[in-house]
Amino acid sequence: ILGKGNERQGNNEEALSLYEKAMSISKFAVPALVPAYEHLKGGPDKVADGKTPDGKPIDGKATEPKVDKAAAEKAKADAEAAKALEKIDGMIKEGKLEEADKELDAILNTQATNGKAWYLKGTLAEKKGALDDASVCYRQAASLKEAGAEDNLRRISESRVKPLLDEADKMLSEKKQVEAVELYREAARMAPNLVSVQRKLLDMLKQMGESKEADKVQKKLDELEKAK
């Protein structure tokens, strides 16, 4: 009570001293005691459990440093995953693809936002010749800002749509515009973020007078250019 009175009068040092004396007897005697002390001192983070700010024990309790267990566990998991991914990278280079695939699945089951794991999953799928799967994995890695994923996704996308583009060019040489534009549409669906494909489709749609669809493709192109 005396401490509260001094605090109201602006005698903060005297109020703190009185609060500390009261807390040394029992910090639970008055429910508002600890909150009042913490507020005057500048917040609960200034008061460690079991001690006053000058390091003196309260109620004889030993002080234990506060630890963010969740952050510590995450840091440990991240470090273990990084070590495991380095090992998996070596396994992929050695051709141990099935073993590496199982290890990657185990990591992604607990760390679905691990960009490096998705990148390696894409590399592995590419080595297996599963370009569709590789594209999905690289796209996921790119969305997580993993270095090199965007370039690999573009390369895979170009490889996947090349047969369609070649066939479309052939159709154009035979003056079969309808067949050609359908092939460009399929290529654009397969590689929606590939600027070169969207431009080819846009040009064909304009030539054929498909203005509504052309406007949609133009909007998509603008978004892709803006995202660069």
Mark yes or no for whether [X], through its side chain, and [Y], through its backbone, hold a donor-acceptor pair below 3.5 Å.
X: S143; Y: Q140; value: yes
X: S159; Y: R155; value: no
X: W118; Y: V136; value: no
X: Q198; Y: Q218; value: no
X: D89; Y: L85; value: no
X: Y138; Y: D151; value: no

Hey, what do you get for [atom1] ([X]) to [atom2] ([Y]), rounding to the nearest 0.5 Å?
X: T110; Y: E80; atom1: OG1; atom2: CD; result: 10.0 Å
X: I88; Y: K102; atom1: CD1; atom2: NZ; result: 13.0 Å
X: R199; Y: L194; atom1: CZ; atom2: CG; result: 10.5 Å
X: E167; Y: Y184; atom1: CD; atom2: OH; result: 11.0 Å
X: E99; Y: K87; atom1: CD; atom2: NZ; result: 6.5 Å
X: L165; Y: S196; atom1: CG; atom2: OG; result: 7.0 Å

With a 4.5 Å heavy-atom cut-off, do [X] and [Y] have their side chains touching?
X: K128; Y: D101; result: yes
X: N193; Y: K220; result: yes
X: S135; Y: R139; result: yes
X: L172; Y: M204; result: yes
X: E174; Y: K170; result: yes
X: V178; Y: M171; result: no
X: L120; Y: E86; result: no

Tell me whether [X] shares a hydrophobic cluster with [Y], the cluster being built from Ile, Leu, Val, Met, Phe, Trp, Tyr side chains joined at under 4.5 Å.
X: L108; Y: L153; answer: no
X: M190; Y: L202; answer: yes
X: L224; Y: L205; answer: yes

Answer yes when [X] and [Y] have at least one side-chain N-carboxylate O distance shorter than 4.0 Å, and no when they do not.
X: D133; Y: K121; result: no
X: E182; Y: R189; result: yes
X: D78; Y: K74; result: yes
X: D166; Y: K162; result: yes
X: R185; Y: E213; result: yes

Which atom names give the shortest non-hydrogen contact between [X] and [Y], and what distance separates them?
X: A187; Y: V161; answer: O-CG1, 3.6 Å
X: L144; Y: A112; answer: CD1-O, 4.4 Å
X: A134; Y: G122; answer: CB-O, 3.5 Å
X: A141; Y: A149; answer: CB-CB, 3.6 Å
X: A100; Y: I92; answer: CB-CG1, 3.8 Å
X: A81; Y: I107; answer: O-CD1, 4.4 Å

Does L221 form a side chain to side chain contact (heavy atoms under 4.5 Å, CB included) with V195? I'd like the steps, not just the answer. CA-CA 7 Å; L221 264 174; V195 171; 3.7 Å; yes

For Q177, I'd like to know if atom CD has over 12 heavy atoms of other residues, nucleotides or ligands within 6.0 Å. yes

Using a distance-only test with no angle check, is there a side-chain donor-acceptor pair under 3.5 angstrom linking Y119 and N152? yes

